[in-house]
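Just the heavy atoms: all of them, side chains too, but no hydrogens, waters or symmetry mates, feed the values below. No experiment lies behind these values; they were computed from the predicted model shown. Each chain gets a letter, A, B and so on, in the order the sequences are listed, and its residues count up from 1.
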There are 2 protein chains.
Amino acid sequence: MARSPQKKSSAPVSGNAVTADLVAVLVAVTDGTPKIMTIAGGSALPSGPFEFTHRSLQTALRAWVEAQTGHPLGYVEQLYTFADRGRSGDAKGPHSVSISYLGLTREDKVGEGFEAHWSGWYDYFPWEDHRAGAPACLAKIIAPQLKAWAKAASSPTLQRERWQRCAITFGLDDRDWNEELVLQRYELLWEASLIPEAGRAHGREAPVVPGKPMTADHRRILATGIARLRAKIKYRPVVFELMPAEFTLLQLQRSVEALAGRLVHKQNFRRLIEQQELVEETGAMAADTVGRPAKLFRFRHAVLAERAVAGTKLPLSRT
Amino acid sequence: MARSPQKKSSAPVSGNAVTADLVAVLVAVTDGTPKIMTIAGGSALPSGPFEFTHRSLQTALRAWVEAQTGHPLGYVEQLYTFADRGRSGDAKGPHSVSISYLGLTREDKVGEGFEAHWSGWYDYFPWEDHRAGAPACLAKIIAPQLKAWAKAASSPTLQRERWQRCAITFGLDDRDWNEELVLQRYELLWEASLIPEAGRAHGREAPVVPGKPMTADHRRILATGIARLRAKIKYRPVVFELMPAEFTLLQLQRSVEALAGRLVHKQNFRRLIEQQELVEETGAMAADTVGRPAKLFRFRHAVLAERAVAGTKLPLSRT
DNA sequence: CCATCTTATGCTCAAGGAGAGTATAAATGG
DNA sequence: CCATTTATACTCTCCTTGAGCATAAGATGG
């Protein structure tokens, strides 16, 4: 299994033994706000050592989350595996491998006695919420800072390239906003030393970009999770994992918008959902509504068996 | 970093220390045949211990592959991380974490003195090549075996569900073939004990499904890589990593078809490539051709800087 | 030189999907 | 009754996509 393929194999690494951690990005949506489970006062994602008593990483994660929140995880997907050169910066400390997961669940209060709670994910990425138009911090703070960073490059060519990258990833200079580039944006800010987590490493002054920092690379992991989820909702019906058993189409739409960070065209959204036969009417109507009452729907779990679901793109507005 | 979030934290796992391995799915395409780098006479993917002397997993993989083949890796992407309960089935052996990567490269002979060489990936998955229509083994061997497996379920409902799954993933009963379901198909065959690697575990008789087996779960990892690549070529211009510097549009098309395992509509393929401005003419013409000589093109690396490339879907034929 | 074969390349057409807007219905609170 | 709010039904147009026709430019065999 662990064959060394090379004849010229390099010497086996001393201290090849490492520790394995799980890091979870657990997402729920409540009232149009996407939330993630956090610990340590919102400064870290839940994480812990992997227990090899489980059959697989997935089951380990499920068991762990259920023990913590008392509720089962609907959808689970592996995100990324990071290798650290050793914890706490000590090159000689034990090496660690962090395996991160994305998990979708219905919002539920964390059981009593637990340190964890839910935090809005836009607290960590204020520039990612475009539901009410481009956030002010983008034009007022981020764009100027990025422009300054681009100008600081050594040659005019490099300056242009830097700015082009910024404009593309952040939708500047009249370019379209691409909501899926969450990770690229975070990494660009990091590169420009505008992120506290990076600032320390670079020995820079206090950063000016808004957004709550997190321990170590947890905010990067969160960015990875958000990006993955934003991409996924377009071709897999995973939003339903975040919904209650019955919901109106507007509630469903608001959840999608919350995740995507942008608005969708209402009529087209309904058309899309209905023509894909993803939902069915329950017969009941929503109760506490303001305007005309809406029909209640439920997810048709059968579709998952009927076809290899491929569709579910969402009709984003261009404006 | 490795905080334990729970107050009710379970006891730290004894023997939390593990070993970390890299497993690589290295892909190249030659003359319309997709190939992967293998070792041990084609029965295993290249793999080895992760060296923590590198900055990241990616750089570790790159260095390792270059040392082995003498050629740089163009595109690298993490695939999946598996945790084994311990090697060689011993529950008490050292636990191991396998981190798998997908890497794209131009075909090149492996340097002398190396054990590795290139194997066609359809040797391992004969049922995945639909370029000349559905392979004979599908209708003659796989479908009947799956039908038998479905019939063996305990209740009529279960039998129907099983068969429905089979029909969807394998495109039976007049359903469309979905080339991206490589992993699902492999896992279904595994579940039905039609895969040698699984047969042992289930204590079944010799399997009848064609396809060369591999060590441990390497064939599953390969399936993961193929699936990922087949999905990726539709929205990212990664095919070019597999092409020589200059190529004709037909050569490009053949490479895409080789990966996707199905044919595309020639004229529409050209339209797609050209309208996305992914290539530019070199001015030269192909030399050794049979029919009318074709223009040579090169990949426009500039597009990667110009826009967040989103398109590159491929126009599959429905027939 | 011509017929034929092979691949390259240009162009048209029709159906379906996606973005956007109009119009009407059904509730609530003055 | 009216304004307001949300729900729901259609329509329209543009673009994409699958598919096919037609022509061009080479090679080869007679």
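Atom CD of Glu281(A) and atom P of dA7(D) are 14 Å apart (whole Å). Atom pair Arg270(B):CZ and dT7(C):P shows a separation of 13 Å (rounding to whole Å applied). The CZ-C1' distance, from Arg254(A) to dA7(D), rounds to 12 Å in whole Å. Per the geometry, CZ belonging to Phe269(B) stands 20 Å off P belonging to dC11(C), to the nearest Å.
Using a 4.0 Å heavy-atom criterion, one finds that Lys295(B) contacts the sugar-phosphate atoms exclusively. Using a 4.0 Å heavy-atom criterion, one finds that Leu250(B) contacts the sugar-phosphate atoms exclusively.
Between Asp129(B) and Arg131(B), at least one side-chain nitrogen of the basic residue sits less than 4.0 Å from a carboxylate oxygen of the acidic one, meeting the salt-bridge criterion. A salt bridge is absent between Arg230(A) and Glu180(A); no separation between the charged side-chain nitrogens and carboxylate oxygens falls under 4.0 Å.
Ring geometry for Phe247(A) versus Phe240(A): interplanar angle of 30 to 60°, hence tilted. Using cut-offs of 30° and 60° on the angle between ring planes, the pair Phe125(B) and Tyr186(B) is perpendicular.
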Expected string for nucleotides 20-30 of chain D under the B/S/- scheme (protein heavy atoms, under 4.0 Å, primed atoms plus P, OP1, OP2 as sugar-phosphate) is BB--BBSS---
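No side-chain heavy atom of Leu181(A) sits less than 4.5 Å from a side-chain heavy atom of Phe170(A).
Between the side chains of Glu77(A) and Tyr75(A), a donor-acceptor pair is found at a separation under 3.5 Å.
Position along DNA chain C of the nearest nucleotide to Arg271(B) versus Leu249(B) favours Leu249(B) as the more 5'-ward residue.
Checking the phosphate oxygens (OP1, OP2) of dT8(D), no side-chain nitrogen or oxygen of Lys266(A) falls inside 4.0 Å.
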